[in-house]
Amino acid sequence: MSVLRRNPAADRKSTEGLTEHEIQLVKDAFRSDFGRRPPTIGVIGVSGTGKSSTINAMFKTTLKVGHTRACTKEFLATDMEMKILKGPAKDEPVNLVVVDAPGLGEDISKDPSYLEQYQERLPDCDIILWIMAARNRAVSLDQQYLRQLGRFHERMVFAVNQVDIVHPMDWSESTNLPSMEMEDNILDIVRDRAQKIGEIIGRKPLVTPFSAARGYNLEALFHALIASAPETRKFVFDLLKDFSYEDFVPVELTHLIPAHAKEQ
Amino acid sequence: MSLTEEEVARVRRQLEREDYYQRAAVKKNQSGFMRWLGDVGLTFIAQKIMGLLWSAVKALFGLSAL
């Protein structure tokens, strides 16, 4: 459990300066607004890039993860019942919707249908995350799909997952970091993906390398997602965020966590 | 297993980077929350929170101090 979330002062019934009535007004507005339009994330990427693992890592959800074949080949809009994790609004229910095509790229006959459904669903998404796998150098499928989803390019966040298995695959267990050689290779991969995506979208995008399995660079990815969300809807994702970088620090190295973080 | 100085330095840099992004996301959320209050007609609460210098926001949603 992240120390960042331990904030007993925030759990007090009365909030300093706000009356109970005012707090209730905020909660009622929250329930109404986000009940009508739940926070929604669109996740795009060919099968096997770790889309579900990424969402599960950030929000402790239980989206099915398929290690050998896609769990389902159907386009999904998964509605997950969740609760606010922080503060006096803690435990308020809210649904998180994840729009995903787990089988994208597995069956050429189904791809047009998936892309059509993305076209329909992406306008309702607060966040659009495009995930590629670090070890897959063949991104022509991503380029083809990107071409067909042109009207969403400006809003997309691009990321490369599974960097923990980049050559020479000597991830350091003691530091939970890539080796120096891995780090150089990860940089090369990021540059390569940015260039290839840039050829399609007409600008060089920010591409965030991360590992959902290791928790590596998840904060950077989450920040990029928040930055892309509509201004008045960003905060709800932070209320549902259920990880901290501190969760992935080896126990022997927790003394290296920045001092102000430990004061929370 | 003890780490070399270089390894310790790498870990520190990574943690500082992750910490920076974590705090930056919270900052963005704070301003977004204030705008949302205005959008849902609770401008008077937003103004009150501004007067309280964010303490009510932090307490209301458990957002970490910056």
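All values below were derived from every heavy atom in this structure, side-chain atoms included, with hydrogens, water molecules and symmetry-related copies excluded. Each chain gets a letter, A, B and so on, in the order the sequences are listed, and its residues count up from 1.
Proximity to chain A involves both the backbone and the side chain of B/V11, based on heavy atoms less than 4.5 angstrom apart. For B/Q14, the part lying near chain A is the side chain, with the backbone staying farther off; criterion is any non-hydrogen pair under 4.5 Å. Heavy atoms of A/N217 lying under 4.5 Å from chain B belong to its backbone as well as its side chain. For B/F44, the part lying near chain A is the side chain, with the backbone staying farther off; criterion is any non-hydrogen pair under 4.5 Å. The parts of A/Y216 that come within reach of chain B are both its backbone and its side chain, each placing non-hydrogen atoms under 4.5 angstrom from that chain. Looking at A/A227, the atoms closer than 4.5 Å to chain B (heavy atoms on both sides) sit in the backbone and in the side chain alike. No part of A/L221 comes within reach of chain B, as not one of its non-hydrogen atoms sits under 4.5 angstrom from that chain. Contact annotation for A/E252: neither backbone nor side-chain heavy atoms come within less than 4.5 Å of a heavy atom of chain B. If you measure heavy-atom distances from A/L177 to chain B, the contacts under 4.5 Å come from the side chain alone.
For the atom pair A/E22 CD and B/L42 CG, the distance stands at 9.5 Å (nearest 0.5 Å). Rounding to the nearest 0.5 Å gives a distance of 3.5 Å between OH of A/Y245 and CG of B/D19.
When the candidates A/M180, A/K234, A/E231 are compared by the number of heavy-atom contacts under 4.5 Å with chain B, A/E231 comes out ahead. The candidate from B/K28, B/E18, B/R35, B/E7 with the greatest count of non-hydrogen atom pairs under 4.5 Å with chain A is B/E18.
Looking at B/L15 and A/L253, their side chains never come closer than 4.5 Å, going by heavy atoms from C-beta outward. Residues A/I226 and B/Y21 have side chains not in contact (no heavy-atom distance under 4.5 Å, counting atoms from C-beta outward). In this structure the side chain of B/W36 never reaches within 4.5 angstrom of the side chain of A/V236, judged on heavy atoms. Annotation: side chain of A/R233 is not in contact with side chain of B/D39 (no heavy-atom distance under 4.5 Å).
Using a 30° and 60° split on the angle between ring planes, B/Y20 and A/H223 fall in the tilted class, from 30° to 60°.
Across all their heavy atoms, B/Q22 and A/S244 have their closest contact at NE2-OG, 3.0 Å.
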